[in-house]
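Everything below concerns the one structure shown next.
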4 protein chains.
Amino acid sequence: MGLEDLKKGKRELIMEAAIKVFSRKGYNYTKMEEIAIEAGIGKGTIYEYFASKLQLLQEILERSFQLYHQKMVEEIQSSICFKDKIRILVEAHFKFCQENKELTSILFWNIDYIDEELRAWGYQKQAEKERHLREFIQMGIDNGEIRPVDTKLMAVILGGILGSIWVPLVIEGWEVDKNTAAEQITQIIMNGIGN
Amino acid sequence: MGLEDLKKGKRELIMEAAIKVFSRKGYNYTKMEEIAIEAGIGKGTIYEYFASKLQLLQEILERSFQLYHQKMVEEIQSSICFKDKIRILVEAHFKFCQENKELTSILFWNIDYIDEELRAWGYQKQAEKERHLREFIQMGIDNGEIRPVDTKLMAVILGGILGSIWVPLVIEGWEVDKNTAAEQITQIIMNGIGN
Amino acid sequence: MGLEDLKKGKRELIMEAAIKVFSRKGYNYTKMEEIAIEAGIGKGTIYEYFASKLQLLQEILERSFQLYHQKMVEEIQSSICFKDKIRILVEAHFKFCQENKELTSILFWNIDYIDEELRAWGYQKQAEKERHLREFIQMGIDNGEIRPVDTKLMAVILGGILGSIWVPLVIEGWEVDKNTAAEQITQIIMNGIGN
Amino acid sequence: MGLEDLKKGKRELIMEAAIKVFSRKGYNYTKMEEIAIEAGIGKGTIYEYFASKLQLLQEILERSFQLYHQKMVEEIQSSICFKDKIRILVEAHFKFCQENKELTSILFWNIDYIDEELRAWGYQKQAEKERHLREFIQMGIDNGEIRPVDTKLMAVILGGILGSIWVPLVIEGWEVDKNTAAEQITQIIMNGIGN
DNA sequence: TATGAATGAGAATTCATTCAT
DNA sequence: TATGAATGAATTCTCATTCAT
């Protein structure tokens with residue numbers, strides 16, 4: 001165990017190990033022992049910090065979602081104009097995916113089918129995400145920067161784009177410059193719905 | 001066993017039952033017995049037609065993918081102009097999702113993490129899908145109907161939109177008119193990348 | 001189905017097929033379907049002639065045991081002197097093993113552990129075999145041709161020799177002239193216990 | 001769990017339980033749970049020590065074979081004269097069978113038909129055993145203590161005698177003094193092949 | 001607090017046997 | 001009589017979780 005591990009709590013250590021293994025094998029094919037080995041601790045220790053495998057996943061998702069959401073909100077606020085916000089959002093999303101490849105591949109999983117008990121939670125988060133996007137889009141409409149599109153539809157579209165762009169980045173190792181790509185996506189969206 | 005079941009082969013019957021249960025519970029949480037019950041047959045009978053649970057899923061995916069792909073290709077060919085093609089594609093996608101809700105929720109699963117052995121297959125299909133979309137977009141570029149965008153990026157975007165639109169349709173039961181939505185999406189895309 | 005099969009009853013046909021497969025795979029690893037295929041008939045047909053897999057084996061063993069026993073007795077009676085009887089017995093045993101390789105490898109199985117239900121039967125047959133051998137040996141003693149050895153021990157020895165000689169013959173394909181070998185075995189035994 | 005069990009490793013405990021149940025029921029009719037119950041442990045625990053049912057058997061056989069072989073070799077070396085070696089071998093064999101009844105009834109099973117995968121192993125061990133016996137007999141010939149018999153045939157005979165003598169001892173509970181019986185068998189063999 | 005040996009509920013799969021045709 | 005599709009009891013093995021140390 002490195003010095004770094006000592007400072008980071010065990011809890012943190014376990015979560016990071018779990019993210020690695022979950023992203024490699026998927027939730028159902030990950031064994032608690034593998035996580036323990038990855039973390040360099042004993043199997044039983046995980047249960048001192050997390051009640052169950054499912055709860056471990058849930059906590060990872062919860063925290064990651066918050067982290068992601070917070071980063072996106074932070075970035076967006078650095079600009080006033082809607083077009084810039086979009087560009088910055090896409091850029092930030094790219095950045096997040098590239099910097100947190102393992103986490104990303106868990107965060108954008110189709111949670112519904114990982115665990116039945118997670119469904120409700122997943123639906124809620126999904127709804128939350130959609131709500132944020134709709135508010136964001138509504139803001140653009142209110143500002144007169146974009147046309148009065150169906151915010152629901154637009155949220156799904158925007159969410160779909162962001163939610164699928166990670167696959168080539170993380171899985172295929174697509175080498176693309178995040179600024180260029182963000183610029184292109186922004187162009188397409190703004191041309192598509194801009195005033 | 002109903003009359004309908006007699007006409008449909010057992011194989012078909014089992015696949016349909018499996019689609020229902022898989023879509024309800026997810027692959028890993030589906031027990032072979034549940035499929036058997038859903039099909040109104042004995043557990044052992046499934047194994048007369050499919051070598052294993054995994055193979056049953058694989059066959060469902062393979063067939064569904066073909067069906068989906070074939071339908072999309074068919075529809076697209078009914079028109080010459082790229083814009084119409086886009087609209088028809090989106091419309092057909094909506095139709096497919098609405099008419100095959102259970103199947104859709106399996107087909108757009110993140111196969112990677114359902115079963116390790118399925119990964120290779122999943123990557124291949126994903127690549128295939130992307131290739132088709134890129135060819136389709138390239139055609140639009142060649143026709144001069146759209147700007148010379150990065151086909152890879154655009155394929156990912158288009159795939160992302162289609163691949164996420166099913167969620168509100170199938171899961172939330174979003175009541176949206178497919179023609180209206182298709183028109184809107186087409187508008188956005190064509191504004192975004194049209195010449 | 002050949003002409004020969006038509007004359008031989010189905011019952012016979014099934015038993016012969018079963019002997020082949022049993023001897024190849026062992027009782028527990030033989031599937032009823034394999035027997036059916038070997039016999040060129042349907043799986044269900046076996047059950048028209050035999051109540052169960054176990055009974056099929058039992059009948060094979062019963063019949064084979066009788067056949068074997070009868071042959072040995074027949075041969076033995078063709079001679080008066082004990083030494084000749086021994087030689088002829090060993091010769092006949094060799095002949096039986098060489099001519100009925102598949103059957104032999106079933107007949108000399110350690111029945112006890114093939115099927116629990118077969119135990120009692122196996123013990124009984126074993127006892128019968130031993131009794132015959134002891135009578136045979138006693139006769140030699142009474143005739144004054146051999147020394148008054150412990151008939152039980154001698155029966156076990158003789159049975160052990162006969163019961164193990166089949167292995168190299170059937171499994172390894174040991175090429176040995178039955179007359180020579182019989183002569184040698186007889187010599188050893190007669191030297192060993194002769195007067 | 002008794003005190004004795006604490007000292008003996010779990011591995012040992014499981015093997016002993018397995019020997020008991022295997023010898024009672026035969027390999028195919030033994031359920032892992034029965035072994036666990038016999039050992040007084042949980043079903044899953046067996047798998048902490050043995051990868052599979054087959055491997056458990058294999059290890060038992062391997063170890064027992066070694067133990068048996070070692071004992072026989074040890075005993076034989078305590079004497080120089082061939083006749084004594086034979087007597088001691090037979091005695092030691094009797095002793096082994098009487099002291100390890102359960103193990104014996106497994107060790108002299110017809111492994112071939114217990115499990116297909118075990119065949120190769122069984123053939124190899126059988127060949128090994130035969131080779132040892134042939135060497136042993138050859139030694140007697142070279143010493144001029146016995147006549148130049150066919151060592152292969154003689155090995156089969158000797159192996160057959162030893163390999164069948166356990167049945168009455170273990171199964172029937174034949175009460176025979178090992179010294180007396182060994183003496184008699186030795187007499188027979190030495191008369192049979194001695195110079 | 002940390003551990004990993006022990007556990008047993010649970011699930012996929014096999015195959016002898018049945019029975020409608 | 002012959003068949004083979006259908007069945008489900010039975011069994012191996014897995015792995016999240018517990019708990020004595």
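Quick note on labels: first sequence line is chain A, next is B, and so on, each numbered from 1. Keep in mind that this is a model prediction, so the values were computed, not measured.
- Across the protein-nucleic acid pair, A:N28 atom CG and E:dA11 atom P stand 12 Å apart, rounded to whole Å.
- In this entry the distance linking CD of B:E33 with C1' of E:dT13 reads 13 Å, nearest Å.
- A salt bridge is defined here as a Lys NZ or Arg NE, NH1 or NH2 lying under 4.0 Å from an Asp or Glu carboxylate O, and C:E34 with C:K43 fails to meet this definition.
- Of the candidates E:dT13, F:dT11, F:dT3, F:dT3 carries the atom nearest the C:E48 side chain, counting heavy atoms from C-beta on.
- As a whole-Å value, the separation of C:M32 CE from E:dT18 C1' is 12 Å.
- Map D:G42 and C:S52 each onto its nearest nucleotide of DNA chain E; the residue landing nearer the 5' end is D:G42.
- E:dC15 atom C1' lies 12 Å from atom OH of D:Y29, rounded to whole Å.
- Checked against the 6.0 Å centroid threshold, C:Y29 and C:F22 do not count as a close aromatic pair.
- In this structure, A:K53 is positioned above the aromatic face of A:Y27, its NZ or CZ under 6.0 Å from the six-membered ring centre and within 45° of the axis.
- Contact check, C:Y49 against F:dA2: a side-chain N or O comes under 4.0 Å of OP1 or OP2.
- Taking only side-chain atoms of A:K31, from C-beta outward, the nucleotide of E:dA2, E:dC15, F:dC15 with the closest atom is F:dC15.
- In this structure, A:F50 reaches neither bases nor backbone, as no heavy-atom distance under 4.0 Å exists between it and the strands shown.
- Rounding to whole angstrom units, CD1 of residue D:I14 and C1' of E:dA6 are separated by 10 Å.
- For A:K43 and B:K53, each mapped to the nucleotide of DNA chain E holding its nearest heavy atom, the one lying further toward the 5' end belongs to A:K43.
- For B:K10 and F:dT7, the NZ to C1' distance is 10 Å, given to the nearest whole Å.
- Computed from coordinates, the A:I35 CD1 to E:dT3 P distance equals 15 Å when rounded to whole Å.
- No close placement of the A:F65 and A:F108 rings is indicated, their centers lying 6.0 Å or farther apart.
- Rounded to whole Å, the distance from CD on C:Q55 to C1' on E:dA16 is 14 Å.
- Figure legend. E:dA5 is base-paired to F:dT18; pairs are counted as Watson-Crick or G-U wobble with both atom distances under 3.5 Å.
- One finds a salt bridge joining B:E62 and B:K125 here, because a Lys/Arg side-chain nitrogen approaches an Asp/Glu carboxylate oxygen to under 4.0 Å.
- Between A:Y47 and C:T45, the residue whose closest nucleotide on DNA chain F is further toward the 5' end is C:T45.
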